[in-house]
Amino acid sequence: MTTTLERETRPIQPKRVNEIRVMVGGQGGDGTLTVISLLARCLKLIGLHTYDARNVLSRIRGGHADGVLRGSVNRVLCSGDALDALVAFDEEAVEVGSPLLEADGVVIFDSSRGPLKKQLPPRVQVYQSKLSDLAGTQLKKTLLKNTISFAILSRALGLKQELVERVVKERYQRKGGEVLEGNMAALQIGFRLADEIGVAAHYSMPEGAENDSLQVVGDEAIGIGFIVGGGRFYAGYPITPASEVLDYLSVNLPKFGGAAVQAEDEISAINMAIGAAVAGVRSMTATSGPGQDLMTEGLGQAAEAEIPVVIVDVQRSGPSTGMPTKHEQSDLNHVVFAGHGDFPRLVIAPADVTDCFYLTVDALNLAEKYQMPVFILIDQALAQNSQSVPPFDLSKVRVERGKLLSQTELDSLPVYKRYEFSSDGVSRRTIPGMSGGFSQITGNEHNEWGMVSVNTENREKMMRKRMLKAELAKTEMPRGRFYGSPDAKIGFVSFGSNVGPILEAMDILATKNVPTKFLLVRSLHPLHEDELVQFLDSVDTAFVVECNLSGQLAGLIRREVGFANKIFGINRFDGHSFRPSEIAQRVLEELGPKTGGNSRNA
Amino acid sequence: MTTTLERETRPIQPKRVNEIRVMVGGQGGDGTLTVISLLARCLKLIGLHTYDARNVLSRIRGGHADGVLRGSVNRVLCSGDALDALVAFDEEAVEVGSPLLEADGVVIFDSSRGPLKKQLPPRVQVYQSKLSDLAGTQLKKTLLKNTISFAILSRALGLKQELVERVVKERYQRKGGEVLEGNMAALQIGFRLADEIGVAAHYSMPEGAENDSLQVVGDEAIGIGFIVGGGRFYAGYPITPASEVLDYLSVNLPKFGGAAVQAEDEISAINMAIGAAVAGVRSMTATSGPGQDLMTEGLGQAAEAEIPVVIVDVQRSGPSTGMPTKHEQSDLNHVVFAGHGDFPRLVIAPADVTDCFYLTVDALNLAEKYQMPVFILIDQALAQNSQSVPPFDLSKVRVERGKLLSQTELDSLPVYKRYEFSSDGVSRRTIPGMSGGFSQITGNEHNEWGMVSVNTENREKMMRKRMLKAELAKTEMPRGRFYGSPDAKIGFVSFGSNVGPILEAMDILATKNVPTKFLLVRSLHPLHEDELVQFLDSVDTAFVVECNLSGQLAGLIRREVGFANKIFGINRFDGHSFRPSEIAQRVLEELGPKTGGNSRNA
Amino acid sequence: MPETFPVATPIWCPGCGDFGVLAALKKALAELRIPPKDTIIVGGIGCSGHIHNDIQVYGYHSLHGRLLTTATAVKLANPRLTVIAAGGDGDGYAIGGNHFLHALRRNPSIVYLVMNNGTYGLTKGQPSPTAQIGFEGTKEIPFEPVLMALSLRSSTFVARGFSGNQTQLVRLIKEAIEHESQGKGFAFLDVLSPCVTYNDTYAEWRKAVVDLNADPDFDNTNRSKSFQHILETIVSGRIPTGLLYRGEGASFERNVLLPGSEPMALQDISPEKNLESYKKLLRKFA
Amino acid sequence: MPETFPVATPIWCPGCGDFGVLAALKKALAELRIPPKDTIIVGGIGCSGHIHNDIQVYGYHSLHGRLLTTATAVKLANPRLTVIAAGGDGDGYAIGGNHFLHALRRNPSIVYLVMNNGTYGLTKGQPSPTAQIGFEGTKEIPFEPVLMALSLRSSTFVARGFSGNQTQLVRLIKEAIEHESQGKGFAFLDVLSPCVTYNDTYAEWRKAVVDLNADPDFDNTNRSKSFQHILETIVSGRIPTGLLYRGEGASFERNVLLPGSEPMALQDISPEKNLESYKKLLRKFA
Ligand SMILES: Cc1ncc(C[n+]2csc(CCOP(=O)(O)OP(=O)(O)O)c2C)c(N)n1
Ligand SMILES: Cc1ncc(C[n+]2csc(CCOP(=O)(O)OP(=O)(O)O)c2C)c(N)n1
Ligand code: SF4
Ligand code: SF4
Ligand SMILES: [Mg+2]
Ligand SMILES: [Mg+2]
């Protein structure tokens with residue numbers, strides 16, 4: 001079989017760009033996403049920052065899957081609005097990716113199942129060839145089409161061949177043997193193919209030295225933060241998109257004398273986390289919506305019995321089994337309100353991978369200082385998309401264990417009561433094995449000793465004691481971040497991974513002379529009312545941007561600080577993150593012809 | 001052993017009353033509460049209405065337990081503020097009951113373990129005797145002290161001996177033999193004892209013919225409503241204070257070809273209810289807080305898969321295991337917000353036993369018409385305290401099955417799609433066994449056929465379809481009830497069993513020249529904003545009365561309609577229901593010296 | 001007859017054992033002439049748990065691990081239906097283990113097909129309770145569902161098949177469905193169904209499986225003997241398959257339902273229908 | 001030494017079997033000289049689940065049915081502790097059944113005492129999975145926890161005692177605690193502990209119990225033989241008691257924890273302590 005790279009004959013001038021956006025699409029499970037990670041590594045080595053996003057189905061093989069990589073001289077926090085290049089292994093991938101292509105974008109198409117059918121705009125450059133067939137005949141492994149395509153892509157992006165070879169080599173070094181050889185051979189085939197028919201360098205990116213940033217996904221950053229923050233016991237049950245926390249900790253916790261247990265279900269997971277905490281270990285569990293539901297009872301137990309435990313909720317499209325691999329931010333109500341009875345809890349919402357690391361350490365400290373459950377609420381995009389982040393600063397990490405007594409401290413006490421009333425509501429803790437520290441820890445209402453009690457006075461005091469802790473904890477909860485022009489009368493309020501698209505939407509709006517500002521909320525419960533009141537007071541219209549239908553953040557804000565008539569919701573709930581342009585567009589639509597006008601209530 | 005009924009020598013004149021309030025207190029599990037139910041029966045037979053309340057510990061024997069019975073010529077919905085008579089089997093019962101005693105109240109005390117120590121106010125009449133000892137020596141069964149005390153009590157209350165004998169006979173007829181004889185003998189001993197030492201008739205109640213009201217507790221009324229409303233499948237797991245629903249239905253459902261299954265846990269219970277509903281049966285489950293937590297995932301499944309199921313939440317003191325036998329209203333947030341993702345649900349809050357019956361029928365209809373989960377939210381007091389209610393009117397019961405197709409209707413369709421889009425969001429339902437009605441029912445996001453789908457357009461439409469149903473269902477949800485003077489500027493807003501104490505508090509306030517009005521909310525989700533807005537607009541201060549610490553109803557109201565600056569919370573969370581005087585007192589305190597003034601924000 | 005949902009193409013990876021289970025199930029249903037309209041498949045959550053999408057019968061996709069308790073209620077609601085629960089080993093033995101235990105205890109007449117691959121396919125290859133020692137670092141001795149099923153004195157049908165042995169599998173599924181249809185109770189059938197992507201055990205399993213029904217010494221009506229035989233087989237490194245135990249006992253629906261009453265799902269529940277008995281309910285409180 | 005919580009008076013009804021369990025447990029702990037400060041009792045929810053309040057050791061009152069999974073983690077966190085889980089049959093075999101199964105599968109070194117009375121005492125007498133046929137309308141064959149425990153190939157200690165036989169019970173509890181303390185795995189001890197209020201089985205049980213360890217034919221090291229012996233005993237209307245099975249296998253904590261590492265609960269987790277290894281974690285992402 002002869003391979004032809006059908007090339008159109010326009011002369012190409014490499015475009016100088018500070019940013020490059022590439023999609024690779026094909027069938028789930030056939031390794032197309034590897035191309036994304038190889039490219040990410042290349043770009044890092046020439047000093048760029050990267051962001052990647054994956055779009056897969058809840059099945060292991062087959063069905064459309066794609067990944068987008070964005071490389072930039074600046075840190076980026078979303079995949080943006082458009083694509084410069086598209087590697088497509090089938091027609092469906094072209095359907096999905098081409099609407100986003102820049103007018104002069106590049107398409108690399110695997111024509112093994114026939115030439116490209118889709119009609120593309122005239123300036124789009126299409127390179128097509130039977131990549132899979134080529135890999136099959138020459139390398140006996142059709143999956144190596146990926147590496148072949150990567151070689152071609154690297155040419156179109158103007159990347160140096162040595163760099164590309166180094167990255168592929170590094171990547172398969174450990175596997176060695178056939179795997180390494182096959183991939184290196186595939187690269188050469190790709191380069192030859194590109195040479196043969198003269199694939200042009202369409203882009204030229206600024207090349208610098210490798211930057212020192214880390215490429216990490218949110219789930220992993222939480223895992224790292226957990227270990228560094230002194231966490232030693234983790235229990236979890238597999239679930240998309242939280243499994244990466246389990247995976248990461250299963251490999252890494254044992255090195256530190258810790259353990260990551262795969263529980264039989266999420267009920268077991270949270271109760272194991274509770275058990276380890278009772279014994280004195282910093283512990284955590286992570287799951288997504290369905291698992292969160294099952295942890296509800298354990299949550300109340302941790303609160304009532306005053307047990308420090310960190311719960312990570314990685315939100316996906318609900319309700320119920322929903323769309324397991326898809327993005328959403330619709331568990332706010334659940335994490336803030338779920339569970340019978342009144343009890344304290346803290347809900348922290350990291351907005352980027354850096355936050356995921358530092359706020360996990362904070363969560364561990366808060367849990368132990370205030371002896372209560374602390375949620376880390378993230379979303380699928382933040383959990384699974386990798387970001388370039390500055391190296392985590394280990395010197396900033398503090399482990400604060402609050403009123404956990406040492407044996408010496410305990411020895412000096414005349415009386416030890418696990419739930420002793422105190423001015424800050426926090427009682428001293430002992431752990432089993434300490435002499436003189438006997439305690440009864442219970443989810444029943446109890447007196448200071450931890451003995452079951454229905455005494456009405458005691459009850460009232462215990463309820464207030466627990467609630468007081470949350471009020472005091474609030475003073476240590478992460479503050480929001482402010483962006484934009486202080487004088488703007490149009491504001492955004494949002495949380496989580498929306499920070500990326502919103503910041504870029506603000507840039508777009510600025511170019512249209514719509515100055516905006518933005519309050520990124522990072523504590524969802526308790527809310528910092530002061531920052532919200534100040535912000536909402538200062539704007540005419542506040543767009544509350546969230547990936548859910550009902551406006552859960554907007555609801556929390558109305559409940560806690562009011563301002564219903566200034567709040568306008570921008571909501572998305574189709575399983576995907578916002579795009580910057582879409583947010584800008586919705587704002588412009590809402591403001592109508594004359595910008596800055598007051599908007600109607602959502 | 002000789003028994004003496006130590007009697008003080010003031011001459012007694014029977015007081016004519018329209019109402020009588022009696023407490024019987026002793027150790028848990030020793031049958032003292034039987035006295036309450038015997039008395040309730042007597043009062044009904046002379047035409048009075050009754051209300052009883054029980055105060056027990058979460059243990060089977062031992063520890064203080066008491067019951068209060070209130071009989072009145074009017075319907076009463078709480079146990080009120082004071083006691084006319086107290087039967088105390090130990091000193092602790094006197095401690096508990098005596099503070100509530102009227103100045104000229106009566107105490108009947110079992111002095112088997114020594115004469116009464118507690119000093120009581122001078123006008124209180126104490127009759128003490130070694131009742132248990134007497135029962136032990138004369139009847140070989142100390143527990144018969146209860147029946148002895150009942151005889152004495154009946155004298156003090158001025159009840160006719162034949163009536164008392166009839167009631168005791170009726171009560172033990174079925175058990176017959178020794179039990180019946182023992183109790184009848186105990187009665188005689190009691191009467192003789194009373195005669196011997198001349199127990200006076202302290203009260204005289206209006207005696208009429210037996211009234212036709214039913215004496216029912218809320219849990220049972222829900223059980224009856226369920227059967228009459230066409231419910232045939234119930235699954236539950238034992239839990240206080242919801243077990244009575246399981247108990248009632250276990251006995252009665254089988255008679256109708258239905259089944260009440262004791263599941264292995266609450267997760268199983270809700271999934272069984274779902275399974276039966278999928279098969280076409282009206283189904284229900286009931287539990288309390290800890291079980292509700294475990295049902296969270298099932299709730300979302302029912303909503304996403306559009307399965308009609310009724311969930312009864314009988315609130316008790318939370319959080320966690322909390323105080324299992326104690327009253328609270330602190331699951332509002334949970335039932336309204338729990339569960340990951342956005343999905344529709346309905347929350348109905350019956351306020352009295354009559355509501356429990358009719359609103360259960362409504363819940364079944366709403367669940368099936370709108371194909372979604374419907375909560376019936378009640379509280380321990382409503383669930384377990386018995387009220388005299390007018391006989392349920394069976395002619396008012398309708399069974400509306402919504403879009404459940406008959407085979408004939410199905411036959412006439414060209415296409416059948418389980419989740420077909422429609423103008424009201426409701427799709428036609430078939431049940432397995434129908435020909436041509438194949439459907440896929442799933443908790444994954446799905447297309448109209450019920451096949452898993454992540455198509456973005458479909459997703460948005462399906463989300464809106466489900467949410468639309470709740471909006472339309474709202475028009476059929478129970479409206480609130482208004483009480484009091486329309487012109488009053490002081491308002492109450494509340495729900496559930498608080499209706500009793502609030503109505504009486506309003507009477508107290510009226511006597512102090514503080515006119516009030518009251519909106520009793522009966523739909524908690526969706527809320528009827530219109531009635532709230534209208535009510536809140538019309539008052540200066542709204543006291544939101546609820547048995548929880550954090551003001552959950554107040555929070556819901558702020559979230560949905562605002563008015564934060566008019567709302568003032570009256571909260572109780574020590575495990576007991578409000579007393580009328582306490583509510584009145586708190587209002588007066590809040591209003592300060594000049595009534596009607598504007599109050600500060602809670 | 002209205003047009004109904006288009007049967008889906010399975011989502012499974014090429015070569016997945018579940019294809020064999022689907023094929024055998026279809027064949028068994030067809031050969032037994034079970035009316036599709038009276039059949040409902042209750043799927044679990046997992047790769048395996050999509051099987052109900054691939055057959056033209058009624059389908060319900062349960063919550064993860066909850067298929068058995070749901071299916072039990074479907075049966076009570078309408079004993080005339082053929083109720084088949086089908087899911088994975090993670091679904092059934094990890095998160096769903098308690099419902100498995102209680103289904104065995106109650107003995108409702110439903111078929112339970114477990115596509116057992118020792119792993120969580122859909123979440124990408126974590127070890128399940130039946131994972132072999134060494135798989136993804138597993139150190140625990142694998143859970144043996146057939147032994148556990150035998151340990152409940154109320155179990156009436158315990159079997160194991162292999163997706164790679166269609167003849168045997170079709171036979172076992174047919175026997176399971178017959179057990180169910182005749183109201184004899186819970187027909188439990190664990191099917192070895194390899195996950196070629198994450199835990200490809202085809203070769204090992206093909207070597208290790210042994211059909212105990214082919215052994216004349218094997219008595220599948222004696223609970224302890226069967227237990228012993230299975231245990232010895234396992235200890236010797238082989239995998240016992242076949243109809244491993246068959247016993248008798250009242251089914252759950254028989255124990256629970258009023259004999260001779262109309263299935264709840266088909267009852268006329270209009271209030272007029274039962275007015276007199278409803279009045280009786282009220283009289284108890286008068 | 002600080003004054004700590006005052007040991008509670010049991011909440012049980014006079015005559016409740018749980019008094020016997022408490023007495024035997026106290027005796028066993030004392031005789032083995034287990035240091036109270038290194039002992040933690042994890043109680044379930046139920047009448048039985050209050051037992052931890054009645055002994056001066058560390059106590060944790062778990063959620064209903066969750067005592068085993070909690071206790072497993074306590075053990076992993078600090079294997080030096082003596083971890084005793086103690087609860088009811090509703091707690092352990094109904095809602096908690098799955099954790100029972102998985103504790104048997106994982107074999108953590110903890111003692112599990114079930115106060116088995118065939119009923120839900122604290123919620124007023126509903127039948128539990130072990131309720132005898134006829135109790136409160138029960139029609140299902142009672143669940144046999146000891147048979148199920150035997151059916152897991154990883155179980156290492158399966159026993160049954162009777163609250164009415166203190167000598168045997170103390171011996172069994174001591175053996176269970178020794179199994180746990182020596183890190184041999186999960187020591188499961190079902191104790192017949194009658195509920196005199198709702199299901200008073202004292203008389204029947206006293207008649208029916210038989211100590212299998214007294215039978216020279218009984219081999220408690222052979223899983224299938226023990227299974228058979230127990231089953232036959234039950235079928236003949238008697239109740240097998242004694243140490244019913246003792247086997248060997250790696251404990252969960254041995255499988256999971258880095259050999260020789262300091263118990264997690266006692267580690268110094270200040271960041272300085274591990275700075276170099278933490279830096280290594282970061283380098284993986286650079
Ligand atoms: C409550 C809950 N927890 C976790 C998950 C995620 N999840 C989906 S499938 C699955 C396991 C699948 O394993 P198995 O049942 O063996 O099926 P297989 O894919 O191997 O066929 C899990 C854990 C879920 N859907 N729900
Ligand atoms: C999730 C949950 N469901 C139900 C209950 C109510 N509950 C308390 S104790 C109990 C059963 C007790 O039975 P068992 O474990 O046998 O203990 P016993 O009282 O018989 O000793 C139940 C169902 C609960 N506390 N939590
Ligand atoms: S991942 Fe495994 S179980 Fe899932 S479809 Fe693929 S081969 Fe089958
Ligand atoms: S109810 Fe039964 S189990 Fe509970 S304390 Fe009383 S006798 Fe014991
Ligand atoms: Mg599997
Ligand atoms: Mg019990």
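The sequence lines fix the lettering, A, B, ..., with proteins before strands; numbering per chain opens at 1. No hydrogens, no waters, no symmetry mates; every other heavy atom, side chains included, goes into these values.
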Residue pairs fulfilling ring-ring contact (aromatic ring centres under 6.0 Å, His included) with at least one residue in residues 136-157 of chain D, sequence neighbours excluded: Tyr93(D)-Phe143(D), Phe157(D)-His179(D)
Proximal to chain D - members of residues 130-141 of chain C, heavy-atom separation under 4.5 Å: Lys139(C), Glu140(C), Ile141(C)
Value rounded to 0.5 Å, distance of CZ in Arg153(D) from CD1 in Ile234(C): 6.0 Å
Choice from Val235(C), Leu231(C), Val256(C) maximising heavy atom contacts with chain D below 4.5 Å: Leu231(C)
Most contacts with chain C, counted as non-hydrogen pairs under 4.5 angstrom, among Pro129(D), Ala149(D), Ser154(D): Pro129(D)
Residue pair Ala94(C) / His102(D): nearest heavy atoms and the distance that separates them: O-NE2, 3.5 Å
Counterpart residues, side-chain contact (heavy atoms from CB on, under 4.5 Å), relative to Ser181(D) (two or more places apart): Ile34(D), Thr82(D), Ile177(D)
Top contributor to chain C interface from Leu104(D), Asn107(D), Asn255(D) [non-hydrogen pairs under 4.5 Å]: Asn255(D)
Over all atoms of both residues, closest heavy-atom pair of Ile95(C) and Asn98(D): O-ND2, 3.5 Å
Residues in residues 218-228 of chain C near chain D [non-hydrogen atoms, under 4.5 Å]: Arg223(C), Ser224(C), Phe227(C), Gln228(C)
